[in-house]
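Following: one structure in structure tokens, then a few remarks.
Here is how names work: the chains are called A, B, and so on, in the same order as the sequence lines, proteins then strands, and each is numbered from 1.
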There are 2 protein chains.
Amino acid sequence: MAERKRPKPGETREKLMNAALTLVGKGRHFASLGIREVTRQAGVVPTSFYRHFRNMDDLGLQLVDELGLVLRRMMREARANVLQADKLIDESVGIFITHAQNNRAFFMFMAQGLAGESRAVQEGIRSEMRFFASELANDLRRLKLADHLSDADLDLTCDLVVRSVAFSLTDILTISPDDEYQEEQVRKRTARFLQLIFVGAANWKSQP
Amino acid sequence: MAERKRPKPGETREKLMNAALTLVGKGRHFASLGIREVTRQAGVVPTSFYRHFRNMDDLGLQLVDELGLVLRRMMREARANVLQADKLIDESVGIFITHAQNNRAFFMFMAQGLAGESRAVQEGIRSEMRFFASELANDLRRLKLADHLSDADLDLTCDLVVRSVAFSLTDILTISPDDEYQEEQVRKRTARFLQLIFVGAANWKSQP
DNA sequence: CACATTAGTGAACACTTGTACACATCAGTA
DNA sequence: TACTGATGTGTACAAGTGTTCACTAATGTG
């Protein structure tokens, strides 16, 4: 008979989420994935899907949560490694790009989700970005790098930084993962974007 | 018998492209659209599709071309209406947002395409954005607003401006089309982003 | 140990999908 | 006027889709 294996609880769930990510990583768009396709990729029978998710949107939402974990891990690493303020931008961009390369599928999913068809996923990703921006603002305050800015203006600046980096994400994801030259170009350009923004912030006069 | 109407040449093609746009405008993702679905929405028999397009990617590519026209129309209007330099940012952002609202489906398609699954569409949209940025650079040069910047730095600035505006696009498209309050918020925030960037550019020192 | 719960399977359903083929109608041209 | 090419329609089919149902094996709890 067919041998019924007893996987650890949550194993199949994870297999399904990984399968979806794998397909996205191969260039497919999340919105075009079907239940059968995902289960096939996961090596699981279609019905198993419903044991863990209502539908594909549900799976997407749970992916957003995991994405949050990846981002937090990244922030922690950045905070641990960025010691001197003058290398702050280059270091941070470097860490970000490295993470993007190491979690390609995840970040592809994120880039897709920003204009995706599930409102909930969209809102989830936006929420992650807001969190990221506010953490960045905290760090800048703590490092005394933005003392002349009002809270609102610091918030504005950090939002713009996060958006710029997020947009660079789409640059990174379109180049081949091992095209080091192009990666270096994106890295440099992103860093210059941020420098430009910070020069703007440094010369910004917060008006009442 | 079924009356066979003789539409003007290209009429069905247009109907199909509009049908796809309509579906995208309703919140669907372009990557998830099928040939039958589009022809159904267009009120045309499925086989007609192949008279005009190879497949959905092909249709997407032709949509990108039309998107280019929309963008050019927008630029022309902006150039005609922006007279005084001090209102430049606010006016331009206003024109952009108005166009985005009036061509919601088109710009949704653009936002989706940036991380879409067709490499060609992706590249097409990027190319439109590059064109847009280079035109912006020309205008700034012509208006003598960027004399202290090297070509490369001006290019960098304009690229960042275009990216920021493009990102604001995703903000506009998630709010309801007639929520004037939120629209005003996005308008203001986008304008401040650009001011921040231009302050940065004004205080930028181009190094050799 | 018995038993409820959980997480897997396979077969079946009613639809939908992309694509192919043969045919019909018009527009323009020789 | 007759031919040709472009564009439309209808039918057909094999393959794929989401979802339901009844069944089974392992797990944890009383």
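- For the pair Met56(B) CE and dT17(C) C1', the computed distance is 13 Å after rounding to whole Å.
- Every salt bridge (charged side-chain N to carboxylate O under 4.0 Å, His left out) that Arg187(B) has, sequence neighbours left out, goes to Glu183(B), Glu184(B).
- Computed from coordinates, the Glu11(B) CD to dT7(D) P distance equals 13 Å when rounded to whole Å.
- For the salt bridge (Lys or Arg N to Asp or Glu O under 4.0 Å) condition, the pairs that include at least one residue of residues 156-169 of chain B, sequence neighbours left out, are Asp171(A)-Arg163(B), Arg189(A)-Asp159(B), Asp159(B)-Arg163(B).
- For the pair Glu14(A) CD and dA7(C) P, the interatomic distance rounds to 14 Å; values are reported in whole Å.
- Contacts classified as salt bridge (Lys or Arg N to Asp or Glu O under 4.0 Å) and involving residues 76-88 of chain A (residues at least two apart or in different chains) are given here: Arg79(A)-Glu135(A), Arg79(A)-Asp139(A).
- No engagement by Phe49(B) is indicated, since no non-hydrogen atom pair under 4.0 Å with the nucleic acid exists.
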Q.
Pair Phe109(A), Val64(A) - check side chain to side chain contact (heavy atoms under 4.5 Å, CB included), show working.
A. CA-CA 9 Å; Phe109(A) 171 73; Val64(A) 172; 3.9 Å; yes
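- Contacts of Thr190(A) classified as side chain to side chain donor-acceptor pair (under 3.5 Å), with partners at least two apart in sequence or in another chain: Ser168(A).
- Rounded to an integer number of Å, the gap from CZ of Phe53(B) to P of dG18(C) is 15 Å.
- Between His52(B) atom NE2 and dT7(D) atom P there is a gap of 6 Å when expressed in whole angstrom units.
- One can place CZ of Arg54(B) at 12 Å from P of dA20(C), the figure rounded to the nearest angstrom.
- For dT9(C), one of the phosphate oxygens OP1 or OP2 lies less than 4.0 angstrom from a side-chain nitrogen or oxygen of Ser48(A).
- Looking at residues 22-41 of chain A, you'll see Gly34(A), Ile35(A), Arg36(A), Arg40(A) sit with a heavy atom under 4.0 Å from some atom of DNA chain D.
- Taking side-chain N and O atoms only, Tyr50(A) has no distance below 4.0 Å to OP1 or OP2 of dT20(D).
- Pairs passing the salt bridge (Lys or Arg N to Asp or Glu O under 4.0 Å) check and including a residue from residues 61-75 of chain B, sequence neighbours excluded, read Arg72(B)-Glu128(B).
- Atom P of nucleotide dG18(D) and atom CG of Asp58(A) are separated by 15 Å, given to the nearest angstrom.
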